[in-house]
Amino acid sequence: MINVVFFAQLREQLKSDGLSLDIPTPCTVQDVQQSILTSRPEWQDFLSNPALMCAVNQDMVQLTAPVLEGNEVAFFPPVTGG
Amino acid sequence: MINVVFFAQLREQLKSDGLSLDIPTPCTVQDVQQSILTSRPEWQDFLSNPALMCAVNQDMVQLTAPVLEGNEVAFFPPVTGG
Amino acid sequence: MSVSDQHDLVSVQTHDFDVAFEYAQLRADNAQDGAIVFFSGLVRDFNQGQDVTGLFLEHYPAMTQKALTGIVKKAKARWPINRVRLIHRVGQLHLSDQIVFVGVSSSHREAAFDACHFVMDYLKKQAPFWKKETTHKGDNWVQTLEKDQKALDKWQKDD
Amino acid sequence: MSVSDQHDLVSVQTHDFDVAFEYAQLRADNAQDGAIVFFSGLVRDFNQGQDVTGLFLEHYPAMTQKALTGIVKKAKARWPINRVRLIHRVGQLHLSDQIVFVGVSSSHREAAFDACHFVMDYLKKQAPFWKKETTHKGDNWVQTLEKDQKALDKWQKDD
């Protein structure tokens, strides 16, 4: 199982702050994204937005980054703090 | 008459914080420097130091800058404030 | 965080901060540093074409402290700086409220300026905070700006 | 000085300054500026190879205010900044004492950083102050540093 979390505008668009996903590991962030979209095709427009950023275990990564069993994968819009 | 002032290490080296000078105007800062050295040849080593900065009426200028009657001409070492 | 000095701080908090206190912490018992630079970010009344009345700052709690600490470590590895204090507020903020503070002490003026500027530029692009503005026409999420990416790029040219 | 804002200040003074007060002046009734950057310069214990115990700051009284005001005007002409507060102390100072303060407010983070840095770099090379350090081996005038000229040169490249 891996834990998936969403933030900010994406969280509002999906009306979800996250979910648990049963997916064979190791995989990639992109695999996680595709697996979610298979069960939630209505999220396509929001979760496939190429501007989205992602993190694995609280480190920002690219879509090709590896995901291991038990990891937390986060998807969120470009950050706007400061 | 023009008013000449010295500051910081130069003031200490010359043991003078300034003097009044009767010199035909308009002239240049360099003319002022040379006129002073004519009457005070012992200041040569200090007042001819090419690192010195100069100001006319409180604006930093080059040695070639014009000096008019009544102006204040200042000579001082490179500044070290801040 | 792993820091060289007890006067360092990285804090994500809902409550306000006191710039005078932060400055005192950078300065206390510190005769070696001749330069202190700080940045303070405030909620302003106009942003991206709207009259702003307030701001909600969302963050990714498990990640924010880690991201900010990483940025401070990068700055410390790159410049001869001594103390760094970094505070970012989250939650509901109002007009003119303080949002973020970055304070850096160093024996070198240039290092203090560059490191403080670097921390802000990296924070803007790499720390998981999101601003939702309140305006008279409703709420809207602040969009990222291309100039913030450019601000970051300038530090990479030097690498 | 001819300034756009009553909150601006250029001061040459023997007495100390209060950073919290200066910060408050930059911030008061100012919902338009989202960024405040300040620099504070302090007497440090080590400079140019000597243990420093104190500092005497000489200046050219008729010129200092004029020179500092000119530097602030240059910065205001070059960047979209709003308030500027610049204070430089003169006379006898001791270890860790505050020497100089430059505070800049702007709606733009980059402008606030650059303008504050610019004012310090220009002040270091163009304002008539001279430091005489007190050390256990006697007094000595601080010598100018080549790096300060280089710091100035970087602003001219952009012109």
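Residue numbering restarts at 1 for every chain, and letters A, B, ... go by the order of the sequence lines.
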*What residue, out of A:Ala55, A:Ala51, A:Pro77, has the most heavy-atom pairs lying under 4.5 Å from chain C?*
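Of the candidates given, the most pairs with chain C belong to A:Pro77.
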Ignoring hydrogens and angles, tell me if any N or O in the side chain of [X] forms a donor-acceptor pair with the backbone of [Y] under 3.5 Å.
X        : Y       : result
C:Trp141 : A:Ala8  : no
C:Lys131 : A:Val79 : no
C:His88  : A:Gly81 : no

*Quick one: pull up OG1 in C:Thr144 and CE in A:Met53 and give me the separation to the nearest 0.5 Å.*
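So the gap between those two atoms works out to 8.0 Å.
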_Once rounded to the nearest 0.5 Å, what's the spacing between atom OG1 of A:Thr80 and atom CG of C:Leu55?_
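Result: 8.5 Å between the selected atoms.
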*C:Lys66 versus chain A, the contacting section by heavy-atom distance below 4.5 Å*: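 Contact with chain A: side chain only.
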_Applying a heavy-atom distance below 4.5 Å, give me the residues of residues 22-41 of chain C that approach chain A, sorted by number._
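Residues of residues 22-41 of chain C touching chain A at under 4.5 Å: none.
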*Hey, does C:Glu58 have a side-chain heavy atom less than 4.5 Å from the side chain of A:Arg11?*
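Of all side-chain heavy-atom pairs linking C:Glu58 with A:Arg11, at least one is under 4.5 Å.
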_More than 12 heavy atoms of other residues, nucleotides or ligands under 6.0 Å from CD of A:Glu42: yes or no?_
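Count over threshold, so yes.
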*So does C:Gln149 have more than 12 non-hydrogen atoms from other groups sitting under 6.0 Å from CD?*
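Yes, enclosed.
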*In terms of the angle between their ring planes, are A:Phe7 and C:Trp130 parallel, tilted or perpendicular, with boundaries placed at 30° and 60°?*
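Judged by the thresholds at 30° and 60°, the geometry between A:Phe7 and C:Trp130 is parallel.
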